[in-house]
Amino acid sequence: MNKDQVADILTEIGVLLELKGENPFKTRAYQNGARALEGLSEPLEKVVSEERLDTIPGLGAALQQKITELVTTGRLLYYEELKASLPAGLLTLLEIPGLGPKKAKVLYEKLGISDLVLLKAACESGSVAELAGFGKKTQDNILKGMEFREKYASRHQLHHALAVAEPLLQALRDHPDVSRCSTAGSLRRSKEVIGDIDFVVSSKNPNSVIAYFVQQPTVLNILAQGDTKASVIVSGGIQADLRVVSDSEFPFALAYFTGSKEHNIVMRQRAIARGLRLNEYGLFRSSEETRDPNLLENCQTEDDIYQKLGLTYVPPELREDHGEFAAAEKGDLPRLIEWTELKGSLHNHSTWSDGRQSLEEIVESMNELGMSYWAVTDHSKASFQAHGLTSERVREQIIAIREINLKLQSEGIDFQLLTGSEVDILGEGRLDFDDDLLAELEVVVASIHSGFTASESEMTRRIIAAVENPFVHMLGHMTGRLLLEREPYKVDQHAVIDACAATGTWIELNASPFRFDMDWRLWQYAKSKGVKCVINCDAHRVEHAGFLRLGAGIARKGWLSKQDVINTLPLHELRRELGKKRGQEI
DNA sequence: GCCGTTTTCGGCCCGACTGTTTTCAGTCG
């Protein structure tokens, strides 16, 4: 059992204990333990076998024992007994907005409600409204929440959230009573999937801003509207929260609502350790509860807050309690990549396979966007469903691309297509094209598109065999995941990263918002091994060039700098790097 | 259940909004 699976079980134990009415600090201890495991940078199995769990903060004797039992036996008696003591459907009640563990416990104990079907029936019969602490309003809200849940998922892909958030942000900026405003939350941190959209605004007239916000045309439903905040549902079923503060409070509110929650907890603890108190209104020179402006540390920006707490500024993408505090204390945070530093994408498709635009249309669009190069890596023949190319068609495409490039050069246009292939990794790590053909291509991406159900060890062997091929420049989408749609296939990513390090193979950060694969949590490890990243659009339409910006956001979450990312290089330097693994000197 | 250079016991991040209550519990972020 790996660290993510163990962390999931610890989190679930925390929730189950809440439903049982356990001490809230005990339930939090399980959640803290889960988080500690998620942040682990080495295989959990190794830590367990070397008996080093006690070196991880947040894991005491009880959790160490439970984690060891899970890792060594794949089971945990305590968890199984706890789970068996409550009906399985009870957990799903917590997915309804407004229903937490306390209310769920009452519903179960008083009405025997143990799943959503029973809950719906009880609401419709009116028996929920008669419970102490409940009422007609609560009952209606539960029904509404269930209806909503059936209609929409509660998590959203980043590009969907951005599509709604950016016009709303612009609208807020345009309002005359708004001084400063920003998105916050997971959107500002550039998480791969978004729960809801957060806005923070400073204004002398909060009510007018809030009234204006809830009347925006994309707002479908108002969940809450007060003097300082509002919550609405916007197009696409995404919840958007607005918080309005005074201008002097703005940096604190922005930091607070940007999170992450884990990052904020450490920030507060740092404040306490300095005899200060941090919340969304300020950094106060008092440990007492107060909002006395005379006790306020003067901070105009988030940067000032970090400085007061002995840290250099931490960019929002790094605020995950993933090592940023240790680095910011020493002033060692990397200068993160900017998406404008990207010069092209090395994994893209055209009408030759399953892309929407022809080579000519791609050239026109990418040149217009100011790209320097664009690799055409259509699918190989095994990807029949994606109209994969035969070796003959690949050779025809090479000729077509060379002709286009010559024409571009003769016209003095500073843009080139690169020939290439996204070659399928077949069983046992064989590639779909032979080495002779791969050697003729400038860019070779190797990806898995079949046999997703193979075991972890088999998949790992397959991928490692592929990256050991000297003609493969980079590994495409490491896990094949489709965010919110398809689980990743099982693969030992650390072992693959090690193999890439040993062979000089690059790893793709697939910038499609459906993938964002390899996951940002692994890039620090890859970087430590000297493995380079390639931020690729995997474009199937020319509009997908916009994914570069999203991909750069994810790369920033992975602590990557310009020099860690191959496609920040100008064309002549890129060509030199492409030749290296093949032993060519250019 | 975890943690500790004033503590091995007594803390654990904290404020806004809602709905149900007459002063607050639950939920959420």
Against the side chain of Lys137(A), the closest entry in dG15(B), dT20(B), dT27(B) is dT20(B)
Report the nucleotide, chosen from dG1(B), dG29(B), dC12(B), that has the shortest atom-to-atom distance to any side-chain atom of Arg28(A). dC12(B)
When you get a sec, tell me which of dA16(B), dT18(B), dC2(B) is the closest nucleotide to the side chain of Ala224(A)? dT18(B)
Once you apply a heavy-atom cut-off of 4.0 Å, does Ile96(A) come out as touching a base, just sugar-phosphate, or nothing? sugar-phosphate
So, does the side chain of Tyr256(A) form a donor-acceptor pair with the base of dG29(B) at under 3.5 Å? yes
Using a distance-only criterion (donor-acceptor N/O pair, under 3.5 Å, no hydrogens), is the base of dG1(B) paired with the side chain of Asn23(A)? yes
Which sits closer to the 5' end of DNA chain B, Lys102(A) or Gln225(A), going by the nucleotide each is nearest to? Gln225(A)
At 4.0 Å (heavy atoms only), tell me whether Asp196(A) reaches a base, stays on the sugar-phosphate, or touches nothing. sugar-phosphate
Looking at the side chain of Ala29(A), which of dG19(B), dG15(B), dG1(B) is the nearest nucleotide? dG1(B)
When you check the phosphate oxygens OP1 and OP2 of dT18(B), does a side-chain N or O of Asn141(A) lie under 4.0 Å from one of them? no
Per the salt bridge (charged side-chain N to carboxylate O under 4.0 Å, His left out) rule, which among Glu69(A), Glu81(A), Glu80(A) passes with Arg75(A)? Glu80(A)
Output yes when a side-chain donor or acceptor of Lys527(A) lies under 3.5 Å from a complementary backbone atom of Trp559(A), and no otherwise. yes
More 5' along DNA chain B: Asp241(A) or Leu223(A), using each one's nearest nucleotide? Leu223(A)
As its Watson-Crick or G-U partner within any shown strand, both distances under 3.5 Å, dT8(B) has none
Under 4.0 Å between any heavy atoms, over every strand shown, what does Lys136(A) touch: base, sugar-phosphate, or nothing? Just pick one. sugar-phosphate
Should Phe213(A) and His175(A) be marked as a side-chain contact (heavy atoms from CB on, under 4.5 Å) after you check the CA-CA gap, both sets of side-chain angles, and the distance that decides it? CA-CA 10 Å; Phe213(A) 176 72; His175(A) 192 279; over 6 Å; no
Here's one to test your reading of the geometry: is the NZ or CZ of Lys66(A) within 45 degrees of the ring axis of Tyr79(A) and under 6.0 Å from its centre? no
